[in-house]
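Contents: one structure, followed by commentary.
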Amino acid sequence: MSVRFEIRMTPQAMYSFMLHHNYTQLSGILEVVFGTVILATGLKQAESGKTAGAVLLFFIAALIFAYPLVMLRIRAKRRVENTPVFKKPLCYELTDSGVKVIQEDRENENPWQDFQRAVSTGQALVLYMDKSRAVIFPRNQIGEKWAAAAEMISTHMPPDKVRIRQVN
């Protein structure tokens, strides 16, 4: 049994992956906590009538929340534009032996053991090879093959390494 589909990496798909990756790491979580504390402090300042301090804290909180989102969007766009492999569609085939990627006349297969974990986000299935390398399957491009792809991944990877929640 195999599942085959074609993926064309887009800035939006890369942004979605980078957003998920960033905010599931400790640094992203701390960023949200820090921003929330500053926002709460600004609200307390506003309640006590210290308008100037409140405005400053609201501005800092807005920067803490908005800056990373803007930078992730810019980085995602640049990564897609500057990565030669993303210039043309990639054909993926999930087989019993591993994940095969085909582009033009090149073909490469990674056995299932090469993947450390698999996760689903609202927008994609992601197979991590290590902390910084991943294969991204955008949900809108997989279409009706989403459930079959999720099942192949779940079948061939250890259960403790798979965090796929949205099957349908």
Side-chain angles (χ1 to χ4, degrees), residues 5-92 99 101 103-104 108 110 114-147 149-150 153 157 161-168:
F5 47 85
E6 189 174 279
I7 301 295
R8 179 176 281 281
M9 187 53 62
T10 63
Q12 180 57 39
M14 182 62 71
Y15 174 71
S16 175
F17 162 72
M18 292 172 84
L19 197 62
H20 172 79
H21 184 73
N22 187 59
Y23 289 104
T24 56
Q25 303 297 316
L26 181 62
S27 60
I29 294 167
L30 290 175
E31 185 177 291
V32 170
V33 169
F34 186 61
T36 303
V37 168
I38 290 177
L39 184 61
T41 306
L43 288 170
K44 286 192 182 238
Q45 292 276 327
E47 285 176 354
S48 66
K50 299 177 183 173
T51 321
V55 169
L56 179 62
L57 290 170
F58 289 152
F59 179 74
I60 292 170
L63 279 177
I64 289 171
F65 289 129
Y67 179 77
L69 298 176
V70 171
M71 291 311 296
L72 283 175
R73 188 163 301 275
I74 290 168
R75 274 191 244 138
K77 185 177 183 205
R78 282 186 189 152
R79 184 166 296 163
V80 170
E81 289 174 349
N82 296 332
T83 304
V85 76
F86 293 150
K87 300 282 185 220
K88 296 182 180 175
L90 295 158
C91 181
Y92 287 97
V99 178
V101 60
Q103 189 176 50
E104 293 181 334
N108 185 40
N110 291 91
D114 285 358
F115 299 99
Q116 291 185 354
R117 68 185 172 116
V119 299
S120 63
T121 69
Q123 305 296 318
L125 284 171
V126 181
L127 292 172
Y128 283 92
M129 298 181 88
D130 55 39
K131 288 184 179 185
S132 62
R133 291 186 314 147
V135 180
I136 307 162
F137 304 140
R139 180 179 214 128
N140 63 352
Q141 293 184 42
I142 294 177
E144 74 276 353
K145 295 180 182 177
W146 175 274
I153 293 166
M157 289 184 67
K161 303 288 184 185
V162 178
R163 300 278 187 268
I164 298 176
R165 295 186 185 108
Q166 302 124 346
V167 177
N168 295 327

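As the structure is a prediction and not an experimental result, all values here were calculated from the model. Side-chain atoms are counted along with the backbone in the values below, which use heavy atoms only and exclude waters and symmetry mates.
Side-chain rings of His21 and Tyr128 approach one another, their centers coming within less than 6.0 Å.
Side chains of Ile142 and Leu125 form a contact here, defined as non-hydrogen atoms less than 4.5 Å apart. In this structure, Pro68 and Tyr23 have side chains that are in contact, with non-hydrogen atoms separated by less than 4.5 Å. The shortest side-chain heavy-atom distance between Trp146 and Ser120 falls under the 4.5 Å cut-off. Between Met157 and Leu127, some side-chain heavy-atom pair lies under the 4.5 Å cut-off. Under the 4.5 Å side-chain criterion, counting only non-hydrogen atoms from C-beta, Leu19 is in contact with Leu69. With contacts defined as side-chain heavy-atom distances shorter than 4.5 Å, the pair Leu72/Arg75 qualifies. Two residues are said to be in side-chain contact when any heavy atoms from C-beta on lie closer than 4.5 Å; Ile153 and Phe115 fail this criterion. The shortest distance between side-chain heavy atoms of Phe17 and Thr121 does not fall below 4.5 Å.
Closest of all the heavy-atom pairs between Ala13 and Pro138 is CB-CG, 3.7 Å. Contact detail for Ala54 and Gly42: the closest heavy-atom pair is CB-O, 3.4 Å. Contact detail for Pro11 and Ala76: the closest heavy-atom pair is O-CB, 3.8 Å. Residues Asn110 and Asp114 come closest through the heavy atom pair ND2-OD2, 3.1 Å.
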Would Ile64 and Glu31 satisfy side-chain contact (heavy atoms from CB on, under 4.5 Å), going step by step from the backbone distance to the final call?
-> CA-CA 7 Å; Ile64 289 171; Glu31 185 177 291; 4.2 Å; yes
side-chain contact (heavy atoms from CB on, under 4.5 Å) between His20 and Val119: does it pass, once the steps are laid out?
-> CA-CA 10 Å; His20 172 79; Val119 299; 4.0 Å; yes
Give the C-alpha distance, both sets of side-chain angles, the deciding distance and a yes or no for side-chain contact (heavy atoms from CB on, under 4.5 Å) between Gln141 and Arg8.
-> CA-CA 8 Å; Gln141 293 184 42; Arg8 179 176 281 281; 4.0 Å; yes
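Using cut-offs of 30° and 60° on the angle between ring planes, the pair Tyr92 and Phe137 is perpendicular.
Rounding to the nearest 0.5 angstrom, the gap separating the CD1 atom in Ile136 from the CG atom in Leu90 is 11.0 Å. Atom CZ of Phe65 and atom OG1 of Thr36 lie 4.0 Å apart (nearest 0.5 Å). A distance of 10.0 Å separates CZ of Phe58 from OG1 of Thr41, quoted to the nearest 0.5 Å. Note that CD1 of Ile7 is 9.5 Å distant from SG of Cys91, once rounded to the nearest 0.5 Å.
No more than 12 heavy atoms of other residues, nucleotides or ligands shown are found within 6.0 angstrom of NZ on Lys44.
Among Arg78, Met14, Met18, Gln12, the single residue meeting the side-chain contact (heavy atoms from CB on, under 4.5 Å) criterion with Arg73 is Gln12. None of Met9, Glu6, Glu104 except one satisfies the side-chain contact (heavy atoms from CB on, under 4.5 Å) rule with Pro89; the exception is Glu6.
Checking side-chain atoms of Gln103 against main-chain N and O of Val85 turns up a donor-acceptor pair under 3.5 Å. The backbone N or O of Phe86 lies less than 3.5 Å from no partner atom in the side chain of Thr83, so there is not a single donor-acceptor pair.
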